[in-house]
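This report concerns only the one structure given below.
Lettering of chains follows the sequences in order, A, B, ..., and the numbering in each one begins at 1.
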2 protein chains.
Amino acid sequence: MNFTISEENYLKAIFHLQEKDGTVTTNALAEKLQTKPASVTDMMKKLSAKKLLNYKPYYGFSLSAEGKKIALFIVRRHRLWEYFLSEKLKFDWNEVHALAEELEHVSSKQLIDRLDQYLGFPQFDPHGDPIPDHKGKIKNVNKISLFDLPFNQMAEVLQVTNQSTEMLELLEHKNITIGTRLEVKKHFDFDHSVELKIKTTTLTISEQLAKNIFVTYEPGA
Amino acid sequence: MNFTISEENYLKAIFHLQEKDGTVTTNALAEKLQTKPASVTDMMKKLSAKKLLNYKPYYGFSLSAEGKKIALFIVRRHRLWEYFLSEKLKFDWNEVHALAEELEHVSSKQLIDRLDQYLGFPQFDPHGDPIPDHKGKIKNVNKISLFDLPFNQMAEVLQVTNQSTEMLELLEHKNITIGTRLEVKKHFDFDHSVELKIKTTTLTISEQLAKNIFVTYEPGA
DNA sequence: ATTATTTTTTAGGTTTGTCTAAATTTTAAA
DNA sequence: TTTAAAATTTAGACAAACCTAAAAAATAAT
């Protein structure tokens, strides 16, 4: 049950493409991994020989149950390191990804479980993506953009899709960060800007910003 | 200035052999890296082509100034991760080495400098080995075995050379750990056992144990 | 329903780091 | 000082992961 860095990168990339687009093509995977389609085909043979993929030449491929399980553990490692880098070492959200790409390949399960414990079993990484637990299970959450959140519904900031320096600067200025609890009070018809209430403060943000912030809420509460 | 994991392992191994034995032979290096002499020769050619080694076929080799500098940074990474694993994740001394072997190859300088800061700029790893600073400099300390420490001389535990589970158990029972301040009061001629004073407590340890504990002290104090 | 285009795979080659077996060179012994 | 032993290096192979260029299959267009 030990994989090369390359194999791990392929498994993770397939997992993400599957999540996002439903299907995975040779070209898309080559694009994502900054490699050539021929190299992808080579690796597909290798991974399907190891039963991590369902693969029929020309007919595409998808992760097997085993392959998905492994991908989830790689994602777990990646996101826990991201959380560590952000929370403990104070790296910016846009810096953590690249560093976690390297750290995720240190594969000791015990190390990762201890790290998880040390961090207090976080549920989401700094980008708001869910962290699989020690069994590889991802908690299912209702995620909705702040723009689509019903009025007067208490919600919690979970994810920020665009993490440009500019946007992070704006969020910091408005005191909105992951975990912030807030509710939407009103939409203005003129420019579709959104009025928010955070604790006792009321403020307004643009449509553009609201559409890039995702929140969870309990539909009853 | 980017090296493969293999190159890094060779540089580090040469550094350690140079420290310990003064010289490095092809066979010794092969032994240390669990590989074959022929593979070592191959790598020696590669590293000397990169000017990291002084190498003359059949006449041996040693790190160049540049090679030593790089080795020190690898050692820095290794020891900082060991400290992190021990201090923060509560791994035992004898578990941290293997894990740090993997983590040390994550090479971002910024990451390591932040980690250093987060850990409070530790001077020694859990085995008592000195951690090079952000410039790669190792602090020079007077290290002496507890068995050879002069009487009534206050000293601080720095290093434990044998870190078997059995020895760690014994140390824990006697409340001796890295950083413990103590002095030697007496040697018993019969079995060469050593009487120590820690704070206000007096206890006796065996010759064997004393020879595996290393301490620093200020020869004047 | 053919032809053209795109996608994917095969064939053959490269680099890195390893190996075994054979050839050198150095060191030790007779 | 010649021979024997040990250490080291060379020669030639191999697996992993990549590449380019050409062939094959699937999809789209006329």
Side-chain angles (χ1 to χ4, degrees), chain A residues 1-14 17-18 20-63 67 70-71 74 101-102 104-105 107, chain B residues 1-15 17-18 20-63 67 70-71 74 101-102 104-107:
Chain A
M1 301 291 186
N2 235 23
F3 304 97
T4 66
I5 290 175
S6 226
E7 288 170 334
E8 290 194 351
N9 283 334
Y10 273 92
L11 289 172
K12 190 174 58 126
I14 296 167
L17 286 175
Q18 235 172 231
K20 194 162 72 85
D21 304 342
T23 51
V24 195
T25 65
T26 302
N27 275 350
L29 193 48
E31 161 83 13
K32 180 147 192 144
L33 290 169
Q34 298 277 60
T35 184
K36 296 282 137 61
S39 308
V40 171
T41 301
D42 284 349
M43 186 58 93
M44 293 308 98
K45 285 191 214 156
K46 199 178 161 196
L47 292 179
S48 76
K50 291 190 178 188
K51 311 242 182 246
L52 302 175
L53 283 185
N54 305 111
Y55 174 53
K56 256 215 161 146
Y58 294 105
Y59 274 75
F61 42 82
S62 63
L63 291 174
I70 290 155
I74 301 166
E101 287 285 305
E102 293 193 61
E104 74 188 2
H105 300 295
S107 62
Chain B
M1 301 294 180
N2 235 24
F3 303 97
T4 66
I5 290 175
S6 226
E7 288 170 335
E8 290 194 350
N9 283 334
Y10 274 91
L11 289 172
K12 191 175 56 127
I14 295 167
F15 176 84
L17 286 175
Q18 234 171 233
K20 194 162 73 81
D21 305 341
T23 51
V24 195
T25 65
T26 303
N27 276 350
L29 193 48
E31 161 83 14
K32 180 148 190 140
L33 290 168
Q34 299 274 62
T35 184
K36 296 280 137 58
S39 309
V40 170
T41 301
D42 285 348
M43 186 58 93
M44 293 309 97
K45 284 190 214 158
K46 199 179 160 194
L47 292 178
S48 78
K50 291 190 177 187
K51 312 241 181 247
L52 303 175
L53 283 185
N54 305 112
Y55 175 53
K56 257 223 162 135
Y58 294 103
Y59 274 74
F61 42 82
S62 62
L63 291 174
I70 290 155
I74 301 166
E101 287 284 305
E102 293 193 61
E104 74 188 2
H105 300 296
V106 176
S107 62

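Checked against D/dC18, C/dT20, C/dT9, the side chain of A/T41 finds its nearest nucleotide in C/dT9. Nearest nucleotide to the A/P37 side chain, out of C/dT9, C/dT16, D/dT10: C/dT9. Comparing atom distances between the B/N27 side chain and each of D/dA7, D/dC19, C/dA21 picks out D/dA7 as nearest.
Among A/L17, A/V24, A/N54, A/I14, the single residue meeting the side chain to side chain contact (heavy atoms under 4.5 Å, CB included) criterion with A/S62 is A/N54.
Side-chain atoms of B/Q18 come within 3.5 Å of backbone atoms of B/L63 as a donor-acceptor pair (strictly under, hydrogens ignored).
Taking atom CD of B/E7 as the reference point, atom P of C/dT18 lies 10 Å away to the nearest angstrom. Note: CG (A/D42) to C1' (C/dG12) measures 11 Å, nearest angstrom. When the P atom of D/dC18 is taken as reference, atom NZ of A/K36 falls 12 Å away, rounded to whole Å. What separates NZ of B/K45 from P of C/dT15 is a distance of 16 Å, to the nearest Å. The separation between A/I5 atom CD1 and C/dT16 atom C1' is 14 Å, rounded to whole Å. Look at CE on B/M43: it is 13 Å from C1' on C/dT15, rounded to the nearest Å. For the pair B/F3 CZ and C/dT16 P, the computed distance is 14 Å after rounding to whole Å. Rounded to whole Å, atom P of D/dT8 lies 10 Å from atom CG of B/L29.
Atom CD1 of A/I70 and atom CD of A/E7 lie 9.5 Å apart (nearest 0.5 Å). Rounding to the nearest 0.5 Å gives a distance of 9.5 Å between CZ of A/F61 and OG1 of A/T23.
Residue B/S6 is in sugar-phosphate contact alone, with no base atom involved, counting any heavy-atom pair closer than 4.0 Å across all strands shown. Across all strands shown, B/F61 has no heavy atoms under 4.0 Å from either base or sugar-phosphate atoms. Contacts of B/S39 with the nucleic acid, taken as non-hydrogen atoms under 4.0 Å apart, include base atoms.
Using a 4.5 Å cut-off on side-chain heavy atoms (C-beta onward), B/V40 and B/E31 make no contact. Annotation: side chain of A/F3 is not in contact with side chain of A/H105 (no heavy-atom distance under 4.5 Å).
Taking a 4.0 Å limit (strictly below) on heavy-atom distances, residues 48-59 of chain B reaches DNA chain D at B/Y55, B/P57, B/Y58.
Between A/T26 and C/dT9 there is a side-chain polar atom (N or O) within less than 4.0 angstrom of OP1 or OP2. Here A/T35 reaches the OP1 or OP2 of D/dC19: one of its side-chain N or O atoms lies under 4.0 Å away.
The number of heavy-atom neighbours closer than 6.0 Å to NZ of B/K50, taken from other residues, nucleotides and ligands shown, is above 12.
Each of A/Y10 and B/M44 lies near DNA chain D, and the nucleotide nearest B/M44 is the one positioned closer to the 5' end.
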